[in-house]
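Please read these numbers as outputs of a predicted model, since none were measured by experiment. Residues: numbered from 1 along the sequence shown.
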Amino acid sequence: MRRLLCILLCCMGLPAWAAHGYALWGNLKYPEGFAHFDYVNPQAPKGGELRLVSNLRTSTFDKYNPFTLRGTAPAYLSALMFESLLIGSLDETASGYGLLAESVDVAPDGLSATFRLRREARFHNGSPVLAKDVKHSYDILMGPHTSPAYKTLLADVAGLDVIDERTVRYRFRLPNRELPLTVGGLPVFSHEWGQGKSFDQVVMDIPIGSGPYKIGPVRFGRDITYVRDPDYWARDLNVRRGTANFDRITVKIYKDNTARLEALKAGEFDMMRFFSAGDWARRVTGRRFDSGELVKAEFKHRLPSGFQSFVLNTRRERLKDPRVREALGLAFDFEWMNRQLFYNSYQRVTGLFGNTACQAEGLPSDEERALLAPWRSRLPDSVFGPMYQPPRTDGEHSLRDNLRRAKALLAEAGWTVQDGVLRNPQGEAMVLEYLDSNEGGARVVLPWIRNLEKLGIRLQYRAVDFALFQQRLREFDFDIMTIAFQGTHNPGSEYADLFGSAAAKTPDSGNYAGVSHPAVDALIARMSAARTEAELLPACRALDRVIAHNHYLIPQWTAGTHRIAYNQWRLARPEVLPPYVQGEAWAIDTWWAK
C-alpha cells in the first residue's frame, strides 16, 4: 500500500483538456510525442538476470494477490506485474504521463476525469485492457477484502462510469486537484483474474496484469523469479523505452539481515540497499569488494526526507496527554546516538515535510495563522509560535537540561516520582511497551530506555515475529513502535489515512498514532482541495505545525543518499540518477545486464 501511495504522488494535475499527461502546478517537462525519459538509456540491451534480495521483512510469501488483507505477497510483484492508467516521471515532482491511457480529459469544473485506453494495451493472457477491467479493478479495491486505506484515499470519488469499450469516467464529489491523479495511479487487473471467486479467496491464482513481467520459477521460502514478457504490449511506448531490460528478475529470501549481508558477500545476488549505518561503515567488506567485483556507492537524491518516527499510540490512556508525549521525546538523545551508533551519517527528522516546499519553518505566515485561527482554543499556544525543533544535546543544550524539562512536564500532567518510580495520583506506574520486529532494534532503543529510567519511566522492549507485529499494528495493539513514513512533495488526501479522525477508528488504517483532531481534518481537506501551490503550502505547513506541537511522533533520522552495494561486473546503469526514485526501483526499471 505504501508503494501505491508513492506512485500516486508522482502523478499529474488538473488541465481542462484531453492531454498526454498532467502537470500538477505548471507545464509538463516532456511534450506530447516525446521519445523517452531523459534518465533512461533507450539503447539498453535486453537480456540477462538481475538477482535481488527481498525488501520485505517476511521470510516467505503465501499468496500472489498483493491487494487482500491477509497473507504476504512476494516482493516487487505489484510494480512488475500491474500497471495503471498513468505513470509518473522520476525527474519531476508532480507529473504523470499516459500508460494504459492514451489521453486524459479533466472537466473544467474539476468534478470528473475521463481516460481513453490505448487500443494496443494487453493483459498477459492476450486479452485487451478494456473499460470493464478498469471498472472491475476499482470496484474490487473499494470492496470489503482490500486495505481500508483505499477507501480513505478514494473517499471523494463518487463512482466510475463506463462510457464505451475503451473509455471510463471517474466522478468526484468535489473539485480536488489530487483526484484525477489518484485514480490514474490505481492498479488495473483483468476481470478474469479469479473469476467466480470472492476476492479474498483469490490467493494463489496467477495474477492477470499488463506489466512487463510474469511469474516464472518459484521456490517457496527461497526465491521467486519474474520473467520478462517477450510480447509485452508497451515495450516500444515512450514511457517504457529503456526500461524492463532484464529477461529475469530473481528475488531471494533470507531469514534476517545477517544472512542477507553474508549472501551478498558470497555473490548470491547482485545488489542490496543498506539502511544500517553500522553495516555500511564496518561490515560491507570482503574478497569481492577487494577485487572490485562488488562496489559500494552512495547516490544523492532529492526525495522528501520523510518522517521516520517513534509513534506514540494516543489511544492508550498513559499517552493521551501531550505533555507526557513531549517528555518522552526530551529523553531521546539523537546526537549521542548519531555519534556512537550511526557514524554521524544521519540528520534529524524535523517534521512531516522535510526537504520539500511544504516544510514549516520559523513563525507561521499570515495565511497559516488564518487557517489555524478557528481552532485556537483546541491547539497548544506553541503552534502559533516558532516551528517545533526536536531537543538537542550538543552546544548549549544537554541531556540533563532536557530531562529536567521533561520532569517538570510530567509533574504538570500529574506524574511524580515515588520511590524511583513515576506514578500518577492513583499510584499507577508509568510502564510502556516498545513493540518491534527488527532483530537489531534493541540496540537503538536501549539508550532511550536508560534515559527514561532516570525519569522513573519503565519502557519494556518487546520483540515479536513480523506476522504478529503486523497483526498488532492492524489492531492498534501497541504503546510505541517505529514507522518509516515516506514523504511527498505534494501532500493531499492520503494524509487522511495517516492522521484523519475517521482513520483513527478504522482497523488497518495508517493512523497508528490515533490522531483525532478537527484542526487536522480541516487542514487535510484544505490541502486536498488546493487548486494552486499557493493554496497548498500554507495548509501543509500549518498541518506540519499541528502534528509537531502535539507530539504524536518522536522524530528519528534520515539520510540524503541511497547506499547501494552492487556487482559492477554483472550490471550496468545509466549515467543519470533520476532525483525522485528509490534505489532498488532505479535498478529494476533502468539498469541492464553486462
Side-chain angles (χ1 to χ4, degrees), residues 307 309-334 348-352 360 364 372 375-393 397-434 445 448-460 476 478-482 499 501 504 511-520 542-556:
F307 46 107
S309 307
F310 293 114
V311 179
L312 307 179
N313 186 358
T314 60
R315 301 171 185 86
R316 301 294 212 223
E317 191 62 37
R318 284 172 171 76
L319 295 172
K320 288 185 181 296
D321 193 315
R323 292 170 295 189
V324 171
R325 302 195 296 267
E326 183 178 1
L328 294 174
L330 283 162
F332 180 67
D333 189 346
F334 167 75
R348 188 80 189 266
V349 169
T350 58
L352 303 182
L372 294 166
W375 313 104
R376 186 166 198 122
S377 64
R378 304 190 61 174
L379 292 171
D381 290 340
S382 58
V383 169
F384 296 86
M387 177 56 181
Y388 171 78
Q389 295 296 317
R392 302 183 65 89
T393 58
H397 310 273
S398 71
L399 177 62
R400 179 175 295 181
D401 294 336
N402 293 342
L403 292 179
R404 189 178 296 117
R405 170 64 178 152
K407 183 178 179 180
L409 286 168
L410 291 166
E412 289 177 19
W415 292 86
T416 56
V417 177
Q418 303 171 32
D419 299 323
V421 177
L422 191 71
R423 298 184 184 276
N424 62 14
Q426 292 74 44
E428 298 168 328
M430 176 66 83
V431 179
L432 299 166
E433 180 183 86
Y434 180 84
V445 179
W448 188 30
I449 291 175
R450 289 194 295 268
N451 293 340
L452 290 171
E453 287 175 350
K454 298 173 184 177
L455 297 172
I457 297 172
R458 184 181 176 192
L459 179 60
Q460 301 171 322
F476 307 127
F478 67 92
D479 295 335
I480 304 173
M481 56 86 182
T482 292
F499 301 114
S501 296
N511 191 346
Y512 300 113
V515 178
S516 183
H517 199 298
V520 171
L543 177 68
D544 203 5
R545 295 177 190 278
V546 172
I547 297 298
H549 286 280
N550 275 287
H551 305 283
Y552 300 112
L553 310 170
I554 298 176
Q556 291 188 355

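- One distance of note links OG1 of Thr416 with CD of Glu412; it measures 13.5 Å at 0.5 Å rounding.
- The minimum heavy-atom distance between Ala519 and Leu379, with the atom names listed, is CB-CD2, 4.1 Å.
- For Arg325 (side chain) and His551 (main-chain N/O), a donor-acceptor pair under 3.5 Å exists by modelled atom type.
- The CD1 atom of Ile480 sits 11.0 Å away from the CD atom of Gln460 when rounded to the nearest 0.5 Å.
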Evaluate Gln556 against Phe310 for side chain to side chain contact (heavy atoms under 4.5 Å, CB included), listing each step before the verdict. CA-CA 7 Å; Gln556 291 188 355; Phe310 293 114; 3.1 Å; yes
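- Between the side chain of Arg323 and the main chain of Ala408, no donor-acceptor pair closer than 3.5 Å is present.
- Using a 4.5 Å cut-off on side-chain heavy atoms (C-beta onward), Asp479 and Arg318 make no contact.
- When Leu452, Leu409, Leu459 are each tested for a side chain to side chain contact (heavy atoms under 4.5 Å, CB included) with Leu328, only one passes: Leu452.
- Residues passing the ring-ring contact (aromatic ring centres under 6.0 Å, His included) test with Phe476: none are found, sequence neighbours excluded.
- Rounding to the nearest 0.5 angstrom, the gap separating the CZ atom in Arg316 from the CD atom in Glu433 is 8.0 Å.
- In terms of the side-chain contact (heavy atoms from CB on, under 4.5 Å) criterion, residue partners of Val417 (sequence neighbours excluded) are, by chain and number, Leu422.
- The backbone N or O of His517 lies less than 3.5 Å from a partner atom in the side chain of Ser501, making a donor-acceptor pair.
- Applying the salt bridge (Lys or Arg N to Asp or Glu O under 4.0 Å) definition to pairs two or more places apart or across chains, those involving residues 544-554 are Glu368-Arg545.
- Atom CZ in Phe499 sits 5.0 Å away from atom CG in Leu352 (nearest 0.5 Å).
- Crowding of Arg423 atom CZ: a count of heavy atoms from other residues, nucleotides or ligands under 6.0 Å exceeding 12.
- How far OG1 of Thr393 is from CG of Asp333: 3.5 Å, rounded to the nearest 0.5 Å.
- By the 4.5 Å heavy-atom criterion applied to side chains, Glu453 and Ile449 are counted as neighbours.
- Taking both residues in full, the closest heavy atoms of Ala327 and Leu455 are given as O-CD1, 4.4 Å, listed atom of the first, atom of the second, then distance.
- Separation of atoms CE (Met387) and OG1 (Thr350) is listed at 6.5 Å; rounding is to 0.5 Å.
- With sequence neighbours excluded, the residues forming a side-chain contact (heavy atoms from CB on, under 4.5 Å) with Pro391 are Leu330, Tyr388, Asn402, listed by chain and number.
- Without hydrogens or angle criteria, Asn550 side chain to Val546 main chain gives a donor-acceptor distance under 3.5 Å.
- Contact annotation: the side chain of Ile554 approaches that of Trp448 to within less than 4.5 Å [non-hydrogen atoms, C-beta and beyond].
- Taking the side-chain hydrogen bond (donor to acceptor under 3.5 Å, both in side chains) definition, one finds that Asn451 meets it with nothing, sequence neighbours left out.
- At least one side-chain heavy atom of Leu553 sits less than 4.5 Å from a side-chain heavy atom of Val311.
- Looking at every heavy atom in both residues, Leu399 comes nearest to Ala331 through CD1-O, 4.3 Å.
- Of all non-hydrogen atoms in Arg315 and Asn511, the two that sit nearest each other are NH2-O, 2.7 Å.
- By the side-chain contact (heavy atoms from CB on, under 4.5 Å) test, Val349 is found to be paired with Phe307, Pro555, Thr558, residues two or more places apart in sequence or in another chain being considered.
- A side-chain donor-acceptor contact under 3.5 Å links Thr314 to the backbone of Ala513.
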